[in-house]
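Note on naming: letters A, B, ... go to the chains in the order of the sequence lines (proteins, then strands), and numbering restarts at 1 for each one.
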Amino acid sequence: MDIAKTYLPKQAEDKWYNYWLQHNFFRSVPDEREPYTIVIPPPNVTGVLHMGHMLNNTIQDVLIRRARMKGKNACWVPGTDHASIATEAKVVTMLKERGINKKDLTREEFLKYAWEWKEKYGGIILEQLKKLGASCDWERTKFTMDEDMSEAVIDYFVHLHKKGLIYRGVRMVNWDPQGKTAVSDEEVIRKEVNQKLYYIKYSIVQDELAVLSESRAANHFIHTPNFVTVATTRPETIIADAAICVNPNDERYLHLHGRKVYIPLINREIPIILDEYVTMDFGTGCLKVTPAHDLNDYELGQKHKLPIIDILNDDATLNEKAQILVGEDRFAARKKIAVLLEEAGALAKTEDYTSQIGFSERTNAVIEPKLSMQWFCKMQELAKPALEYVLNGEVKLIPEKFINTYRHWMENVRDWNVSRQLWWGQQIPAYYLPNGEFVVAKTKEEALVEAHAIDPKLSIDDLTQDEDVLDTWFSSGLWPISVFDGVRNPDNAEINYYYPTNDLVTAPEILFFWVARMLISGHELRKQKPFNNVYLTGIVRDKLGRKMSKSLGNSPDPLDLIDKYGADGVRVGMLLCSPAGNDLMFDESYCEQGRNFANKIWNAFKLIKGWQVDSSLENPNAIAIEWFESRFNHALVEIEDNFKQYRLSEALMATYKLVWDDYCAWYLEMIKPAYQQPIDSETYTRTVAFFENILKVLHPFMPFISEELWHDELFGQRAELDCCIVAQLPNIGQVNTRLNNEIEIIQQVVTQIRNTRNSKQLSPKEALPLAVKVNSAIDYNKYQSIIKQLGNISELTLVTEAVSGANSFIAGTDEFYITLNIAVDAVAEGARLEKEREYLLGFLKSVNAKLCNERFMANAKPEIIEIETRKKADAEAKLKILESNLAALAN
RNA sequence: GGGAGUUUAGCUCAGCUGGUUCAGAGCAUCUGCCUUACAAGCAGAGGGUCACUGGUUCGAACCCAGUAACUCCCA
């Protein structure tokens, strides 16, 4: 049978993914084994796979596969998030394209369209995850708006309300005029924007005070203008001004104290108020106070009991209260009002100005601060235990640097606006009575019972439910509980078995959005943390460090990458560049490296596969076998250690080197029989067994190629369920440190031989004689065959004196001589030796400096001194050899 | 403006309690090889003022202070 020259991922991937599915290897049900649980961070239901998902889910799959191979009952729960604003926005756009306006639809009609949309496009992303090899228990797939999931959300809301943690109130919220909903602070993205600063003149009302101040000014020969100038980026809101504020300490404006001014264009009178809040050196030092349209102004307005004049509609067009430019959009109005002010002589000047502006994360509209009636969740008390879990280490954040950030946020948490003026989501279970009072209950029927306590005559039709839906994070915050039905049935077998989950893998940007809220709900509902560890991945950036985004077009399509490099290659590529918690500069070349690695594995397989076994042969490779076994165990320790610390890329690198360097480059070369020669059966059996163990170690990282090779007849007949995915990871055996160290010296010897050959431009085919003068305890007879095979050495002789006229090198403390037919280039050889000698002399000097330093000898730990002493002895021995070689060369 | 973080080879990163021949890895680069598993490969080599300045110490990439640049979070 011909074996393909390279590994062909396409054939293997679908085949084995389906095989795993058919044999239920991803399925988890509670049993007597220890559970290992991960809940997926649910992606937006209408989303498509991007590089961030790719990284995130590769990590989860590595963890879950490894747990499975350690005998745990591994359960990875997949699902999607309804993402209310994002999805509703998409549906609205889709309807618009079909000529349908959301305004013309009833809530029910709109939701029907939305569900249709969800059925059609929802869950594409989950199908894409399968291409990556994600071993989720698909039977458990959840959607945050599934009936049971929504019920859990309502239950939780009612629960919090009963505890007095939910309230309704007028607040300044971040209003998204395009989505026509409030969004939370976390959903506002601030960006630096170039704007204009408008200097507007407000004329001062002439009254009896004016006369007084004028005369005062006259006394001081000061000319007081009859207007004040105010700097603002938002001239369209002057109509909503309630006051002008100056700092009471500002000497420029003493004459304004107690006065009033006219708002330009509409000539409404507003007072001048005094507050130290105003920065004297910004703008003109006069601040226009517009309580309805700015958060700080709102607070200032509350303090000074100013009226609130809201001149904007929900879509950010001007309403009748504006009196002028009614119906115009705020940005159009801004330009027009500037012209009007100019014409009225009220515009002093404009300046360029950059400042931070809030944009809606979902619609990218400029956020408008707006007063509105919203639902809030009190956070202060809820946040305390959620913070405690992290501070006392019960929940570990990886890397730890996020603990500070988390604490800072949780200690300064503000009440959470949970209502959204949307239809797609869980409708708030608050029911209004005709008199305006409301009750909160799970169903309308239960609400009626509650309502009867207020008015016994009410019927069910007298109740109207609140129009708003709950923030999406309100439902995803329940995710680790609700996917196991733990909100509705807190004592069911599944939640008791799987909860708390083990690891959560997510992005640091949603630490507060999501992670904090799961900790809160976990404690609130179960008095238990939702997970033990939170692994925070970095943001995937491009080579230039830019965040990957659709608008920049710098994000490769993950499916294209899989197509090009194979799923295993892409997985390896993602992991190679992903230290925990640091952003990663992704570059396709990492995937290429992953693909090449798969190919290397494939070729090692091809080599072994081609061997003929002759059972009459003795095993000449006992040392090589013993060494690899020891080296393998050493690697297992390293890999285990890396996993314990969630250093996944290092665990992968240790695996990579084990396979490429130790197994392929050294071990296979040590035991490889000569061309077309058979191999002895013991070496063959052991080598195949090593390979099988390597496949197991590789599997979490590279599930497809490992499973593909696992089933080759090289490893014998496999039962139907004997698959790599459920194989148990090899136990860690003994490490023979001495052997490992000695082979390391042997490797140095081999490298030096090759180096000599290279520098003399000798063919690797030409066998060379090697003489060794042993100064160490190494028994070179033991390693003779290895050195001969790897260095192509014709004969290895032990000598007691330096060999003159030979090329020499040192490995460890032993001396090696290669006698060549060609004359030794004494000059070049001498220079080389001299260079080494100089290095050693410098080294000795620094060691001696330490050892001669009394303070070092007095303070350093004894083992350090011992090491230094040994370093000195070693260096001196080497130096002696070098010097004698140099002397021999000179003769 | 407040807080956090980063700075080590061309690139991406390790370097854990200050002390192993400690300045490392992978990739990239250079040189030589189409050597019967693999050119997506093999063999070998070069490459660093550990951001800067000072301090502590017998000893600093590591601890401390300051400076600079970049990144993120909050206002």
Asks: Between B/rC64 and B/rC70, how many Å separate the two P atoms, rounded to a whole number?
Replies: 24 Å
Asks: Please check if the distance between the ring centroids of A/Tyr406 and A/Trp409 is under 6.0 Å.
Replies: no
Asks: In a check of ring pair (Phe, Tyr, Trp, His ring centres under 6.0 Å) between A/Tyr667 and each of A/Phe691, A/Trp660, A/Phe690, which one passes?
Replies: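 For A/Tyr667, the ring pair (Phe, Tyr, Trp, His ring centres under 6.0 Å) test succeeds with only one of A/Phe691, A/Trp660, A/Phe690, which is A/Phe690.
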Asks: Given Watson-Crick or G-U pairs with both distances under 3.5 Å, what dot-bracket string fits RNA chain B, with | for other-strand pairs and [ ] for crossing?
Replies: (((((((..((((.....[....)))).(((((.......))))).....(((((..]....)))))))))))).
Asks: Spell out, as yes or no, whether a donor-acceptor pair under 3.5 Å connects the side chain of A/Asn174 to the backbone of A/Ile367.
Replies: no
Asks: May I ask you to verify if any side-chain N or O of A/Lys5 is less than 4.0 angstrom from the OP1 or OP2 atom of B/rG41?
Replies: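 For B/rG41, OP1/OP2 do not have a side-chain N/O of A/Lys5 under 4.0 Å.
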Asks: Can you pull every protein N or O that's under 3.5 Å from an N or O on nucleotides 57-64 of chain B?
Replies:
residue : atom : partner  : partner atom : Å
B/rC58  : O2'  : A/Asn853 : ND2          : 2.8

Asks: If you look at every strand shown and take non-hydrogen atoms under 4.0 Å, does A/Ala598 touch a base, only sugar-phosphate, or nothing?
Replies: nothing
Asks: Closer than 4.0 angstrom, basic N to acidic O: yes or no for A/Lys872 and A/Glu868?
Replies: no
Asks: Taking atom C1' of B/rA25 as reference, at what distance in whole Å does atom CZ of A/Phe597 sit?
Replies: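 Distance, rounded to whole Å: 15 Å.
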Asks: B/rA25, B/rA39, B/rC27: which one has an atom nearest the side-chain heavy atoms of A/Met653?
Replies: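 Looking only at heavy atoms from C-beta outward on A/Met653, the closest nucleotide is B/rA25.
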Asks: May I have the list of side-chain donor-acceptor pairs in residues 635-643 of chain A shorter than 3.5 Å, sequence neighbours left out?
Replies:
residue  : atom : partner  : partner atom : Å
A/Glu640 : OE1  : A/Arg66  : NH2          : 2.6
A/Glu640 : OE1  : A/Lys70  : NZ           : 3.0
A/Glu640 : OE2  : A/Lys70  : NZ           : 3.1
A/Asp641 : OD2  : A/Gln645 : NE2          : 3.2
A/Asn642 : ND2  : A/Glu638 : O            : 3.2

Asks: Could you check whether any side-chain N or O of A/Arg757 sits under 3.5 Å from a backbone N or O of A/Leu762, counting only pairs where one atom can act as donor and the other as acceptor?
Replies: no
Asks: Under 6.0 Å from the ring centre and within 45 degrees of the ring axis: does the NZ or CZ of A/Arg686 meet both conditions for the six-membered ring of A/Trp611?
Replies: no
Asks: Salt bridge or not for A/Arg595 and A/Glu588, using N-O below 4.0 Å?
Replies: no
Asks: Between B/rA61 and B/rU7, how far apart are the C1' atoms? Round to whole Å, please.
Replies: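 Result for the C1' pair: 12 Å, nearest Å.
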Asks: Can you tell me, in whole Å, how much space there is between the P of B/rA40 and that of B/rA23?
Replies: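 Per the computed distance, 37 Å lies between those P atoms.
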Asks: Would you find a donor on one side and an acceptor on the other, under 3.5 Å apart, between the side chain of A/Arg631 and the backbone of A/Leu658?
Replies: no
Asks: Need to verify one output field. Residue with the more 5' nearest nucleotide on RNA chain B, A/Tyr7 or A/Lys606?
Replies: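 Nearest nucleotide further toward 5': that of A/Lys606.
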Asks: What are the atom names and distances for every N/O pair under 3.5 Å that joins the protein to nucleotides 42-46 of chain B?
Replies:
residue : atom : partner  : partner atom : Å
B/rC42  : OP1  : A/Lys600 : NZ           : 2.7
B/rC42  : OP1  : A/Trp660 : NE1          : 2.8
B/rG44  : OP1  : A/Thr751 : OG1          : 3.4
B/rG44  : O4'  : A/Asn758 : ND2          : 3.2

Asks: On a whole-Å scale, what distance lies between the C1' atoms belonging to B/rG32 and B/rC50?
Replies: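 One C1' to the other, the span is 33 Å.
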Asks: Sub-3.5 Å donor-acceptor pair from the side chain of A/Asp415 to the main-chain atoms of A/Met379, do we have one?
Replies: yes
Asks: A/Asn404 CG to B/rC74 C1': how many Å, rounded?
Replies: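 A/Asn404 atom CG is separated from B/rC74 atom C1' by 14 Å.
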Asks: State which of B/rC27, B/rA14, B/rA40 makes the closest approach to the side chain of A/Tyr656.
Replies: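 Of B/rC27, B/rA14, B/rA40, B/rC27 is nearest to the side chain of A/Tyr656.
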Asks: Taking only the side-chain heavy atoms of A/Asn599 (C-beta and beyond), determine which of B/rA4, B/rA40, B/rA14 contains the nearest atom.
Replies: B/rA40
Asks: Can you measure A/Leu511 atom CG to B/rC72 atom C1' for me and round it to whole angstrom units?
Replies: 13 Å
Asks: Rounded to whole angstroms, how far apart are OH on A/Tyr667 and C1' on B/rA37?
Replies: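 My rounded result for the distance is 15 Å.
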Asks: Rounded to whole Å, how long is the line connecting atom CD of A/Glu400 with atom P of B/rG5?
Replies: 12 Å
Asks: On RNA chain B, compare the nucleotides closest to A/Ala875 and A/Glu650; which residue's is nearer the 5' end?
Replies: A/Glu650
Asks: Is a side-chain N or O of A/Arg407 found less than 3.5 angstrom from the main chain of A/Ile403, in a donor-acceptor match?
Replies: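 Flag not set: sc A/Arg407 to bb A/Ile403 has no pair under 3.5 Å.
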Asks: Between A/Thr233 and A/Leu197, is there a donor-acceptor pair closer than 3.5 Å when you use the side chain of the first and the backbone of the second?
Replies: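 No, the answer is negative, given that no donor and acceptor are paired below the 3.5 Å cut-off.
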Asks: Within this structure, what is the CD1-to-P distance between A/Ile403 and B/rG3, rounded to whole angstrom?
Replies: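 Taking CD1 of A/Ile403 and P of B/rG3, I get 20 Å after rounding.
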Asks: Could A/Lys880 and A/Glu815 be called an ion pair, given the rule that one side-chain N must be under 4.0 Å from one carboxylate O?
Replies: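 Salt bridge flag = no for A/Glu815 with A/Lys880.
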Asks: A/Glu868 has an atom CD; how far is it from atom C1' of B/rG18, in whole Å?
Replies: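 The distance from CD of A/Glu868 to C1' of B/rG18 comes to 13 Å, rounded to the nearest Å.
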Asks: Quantified in whole Å, what is the P atom distance between nucleotide B/rG46 and nucleotide B/rG26?
Replies: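 These two P atoms come out 15 Å apart once rounded.
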Asks: Mark yes or no for whether A/Asn775, through its side chain, and A/Asp814, through its backbone, hold a donor-acceptor pair below 3.5 Å.
Replies: no
Asks: Can you tell me, in whole Å, how much space there is between the C1' of B/rG44 and that of B/rG66?
Replies: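 Each nucleotide's C1' atom is 46 Å from the other's.
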Asks: With 3.5 Å as the limit, what N/O pairs link the protein to nucleotides 33-36 of chain B?
Replies:
residue : atom : partner  : partner atom : Å
B/rU36  : O2   : A/Tyr675 : OH           : 2.9
B/rU36  : N3   : A/Tyr675 : OH           : 2.7

Asks: Residues two or more places apart in sequence or in another chain: which of them pass salt bridge (charged side-chain N to carboxylate O under 4.0 Å, His left out) with A/Glu13?
Replies: none
Asks: For A/Thr683 and A/Asn621, which I'm curious about, is there any donor-acceptor pair between the side chains at under 3.5 Å?
Replies: yes
Asks: Rounded to whole angstrom, note down the P distance from B/rA45 over to B/rU8.
Replies: 26 Å
Asks: Roughly, in whole Å, what's the span from CD in A/Glu411 to P in B/rC73?
Replies: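 In whole Å, B/rC73 P lies 20 Å from A/Glu411 CD.
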Asks: Taking the same atom, P, in B/rU67 and in B/rC73, what whole-Å distance lies between them?
Replies: 24 Å
